[in-house]
Number of protein chains: 2
Amino acid sequence: MADTRWLDEGEQQTWRTFLTAVHLLEGALDRQLRRDSGLPHAYYQVLVALSEAPGRELTMTGLARLLRSSPSRLSHAAARLEEGGLIRRFKRPGDRRTTIAGLTPRGMETLRSAEPGHVHEVRRVLFDALTDDQVGQLRGIAESMLGVLDPGEEESRYAGPTGTGSQD
Amino acid sequence: MADTRWLDEGEQQTWRTFLTAVHLLEGALDRQLRRDSGLPHAYYQVLVALSEAPGRELTMTGLARLLRSSPSRLSHAAARLEEGGLIRRFKRPGDRRTTIAGLTPRGMETLRSAEPGHVHEVRRVLFDALTDDQVGQLRGIAESMLGVLDPGEEESRYAGPTGTGSQD
DNA sequence: AGTAATAATTTGAGCCTTCAACTGTGTTCT
DNA sequence: AGAACACAGTTGAAGGCTCAAATTATTACT
């Protein structure tokens, strides 16, 4: 590898501030969700993804792609969510390889009841803290990052689900 | 709680894109560090904080504050880092409550050898992906977020260490 | 001094994520 | 058909994080 190009003072502070902010942000979101609905943020996102899918069902692989999750992680998560009765899994007829995960009524209820508090928290820690300009900037920044981090997903943009949108 | 103010289309996409980007970013950093130096990102940050402290030593509490870590998390981390010989812990003479963690020579070497790859990765996934304008914007955004997420830390800004700066 | 509050840190259980290995199914190629 | 390959998903072990409880030491009160 070539000579290291160290971060200058400004980059350093940008990086550290950003890292700290993200760390605290994730902590806040996760704590709120766990406290108010018993779900870690990652599991909440699984429910959201399913809730928005046609028939409220998705392939494990499809779900993993949407959530940028490893198959393994998702499989463990699904096992736990199924235990709790929030989703159910079954084989797709006609292809015994693929498993389909579907949101149960109980899962849907849990999600619905968790959403308001979650959105409130997202607003509190992100949108309320930023000006409109900053929100626009953040979007551009995140998109640029995805360009590097999420190669070959250009057409599937409008990334994964997060469960903050209006009810239908 | 009052009526929920849902996220509109644009906010929704901003939020999802941001979440996905951050998720991938952390994955990339953590994988790189684990692969090249055997350290998870969080543990790497402990070494960095110590390396920048006077005498390369800090109180457990001080370290926790700097890293926005719970005492418990830090204690577990320190135990493991000590096992690996990267830090050592000892009681402060004069106050047998407080434990001081210090970077060992071995820890310093490990850090030094990990830094170039880490900086390279930080550049790759963040700075190289952004324009100069965006970098500036990101800093402002992160600072705004900290304003909400990190109350009462106004004077200790220039948040925690991350180990991306130039060697002395 | 003696007792209660506070502070610093550690411990253990439970849970989530990662990684590597494994099972079972479909596909392809000859 | 049969071998090799690729695909979908799961499993188990190891490690890291969170939360609540426990430990030990200092300070504050009376």
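Convention: sequence-line order gives letters A, B, ...; per-chain numbering from 1.
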Is there a side-chain contact between Thr99(B) and Thr59(B) in this structure, where contact means two heavy atoms from C-beta onward sitting under 4.5 Å apart?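 When only atoms from C-beta onward are counted, Thr59(B) and Thr99(B) do not touch, as no gap falls below 4.5 Å.
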Between Glu52(A) (side chain only) and Ala49(A) (backbone N and O only), is there a donor and an acceptor less than 3.5 Å apart?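 Not at all, since once roles are kept as given, no pair shorter than 3.5 Å links the two residues.
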Using modelled atom types and a 3.5 Å cut-off, is there a donor and acceptor pairing between side-chain atoms of Ser51(A) and backbone atoms of Val48(A)?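 Indeed, once roles are kept as given, a pair shorter than 3.5 Å links the two residues.
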Quick one: [X] [atom1] to [N] [atom2], roughly how many Å, whole number?
{"X": "Arg31(A)", "N": "dT18(D)", "atom1": "CZ", "atom2": "P", "result": "8 Å"}
{"X": "Asp30(B)", "N": "dC17(D)", "atom1": "CG", "atom2": "P", "result": "9 Å"}
{"X": "Arg35(B)", "N": "dG15(D)", "atom1": "CZ", "atom2": "P", "result": "20 Å"}
{"X": "Gln45(B)", "N": "dC17(D)", "atom1": "CD", "atom2": "P", "result": "10 Å"}
{"X": "Glu83(B)", "N": "dT11(C)", "atom1": "CD", "atom2": "P", "result": "12 Å"}
{"X": "Glu82(A)", "N": "dT10(D)", "atom1": "CD", "atom2": "P", "result": "9 Å"}
{"X": "Lys91(B)", "N": "dT26(D)", "atom1": "NZ", "atom2": "C1'", "result": "13 Å"}
{"X": "Leu81(B)", "N": "dG15(D)", "atom1": "CG", "atom2": "C1'", "result": "13 Å"}

Among [options], the one nearest [X] by side-chain distance:
{"X": "His76(A)", "options": "dT10(D), dT11(D), dC17(D)", "value": "dT11(D)"}
{"X": "Arg73(A)", "options": "dT18(C), dG16(D), dT10(D)", "value": "dT18(C)"}
{"X": "Met60(A)", "options": "dC16(C), dG16(D), dT10(D)", "value": "dT10(D)"}

Matching residue for Glu121(A) among Arg124(A), His118(A), Arg123(A) - test: side-chain hydrogen bond (donor to acceptor under 3.5 Å, both in side chains):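 The residue from Arg124(A), His118(A), Arg123(A) that satisfies side-chain hydrogen bond (donor to acceptor under 3.5 Å, both in side chains) with Glu121(A) turns out to be Arg124(A).
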Pick base, sugar-phosphate or nothing for Thr59(B), based on heavy-atom distances below 4.0 Å to the nucleic acid.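 Touches sugar-phosphate only.
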So Ala42(A), base contact, sugar-phosphate only, or nothing? Heavy-atom distance under 4.0 Å.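 Answer is sugar-phosphate: Ala42(A) comes under 4.0 Å of backbone atoms only.
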Please tell me if Arg80(B) has a side-chain N or O lying less than 4.0 Å from either OP1 or OP2 of dG16(D).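 For Arg80(B), the contact criterion (side-chain N or O under 4.0 Å from OP1 or OP2 of dG16(D)) is met.
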Within less than 4.0 Å of OP1 or OP2 of dT17(C), is there a side-chain N or O belonging to Tyr43(A)?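 It does, given that an N or O in the side chain of Tyr43(A) lies less than 4.0 Å from OP1 or OP2 of dT17(C).
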Is a donor from one side chain sitting under 3.5 angstrom from an acceptor on the other, for Asp8(A) and Gln12(A)?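 There is no such pair between these side chains.
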Going by distance alone, is a donor N or O of one side chain under 3.5 Å from an acceptor N or O of the other, for Glu115(B) and Thr4(A)?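 Per modelled atom types, Glu115(B) and Thr4(A) side chains form no pair under 3.5 Å.
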Do any of residues 92-100 of chain B sit with a heavy atom less than 4.0 Å from DNA chain C, and if so which?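 Going residue by residue through residues 92-100 of chain B, the ones with a heavy atom under 4.0 Å of DNA chain C turn out to be Arg97(B), Thr98(B), Thr99(B).
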Reading DNA chain D from 5' onward, which residue's closest nucleotide shows up sooner: Arg34(A) or Leu74(A)?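 Looking at the nearest nucleotide for each, Leu74(A) comes out on the 5' side.
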On DNA chain D, compare the nucleotides closest to Ser72(A) and Ser72(B); which residue's is nearer the 5' end?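 That would be Ser72(A).
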Can you say whether the rings of Phe127(A) and Trp15(B) are parallel (under 30°), tilted (30 to 60°) or perpendicular (over 60°)?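 Taking Trp15(B) first and then Phe127(A), their aromatic rings stand perpendicular (interplane angle over 60°).
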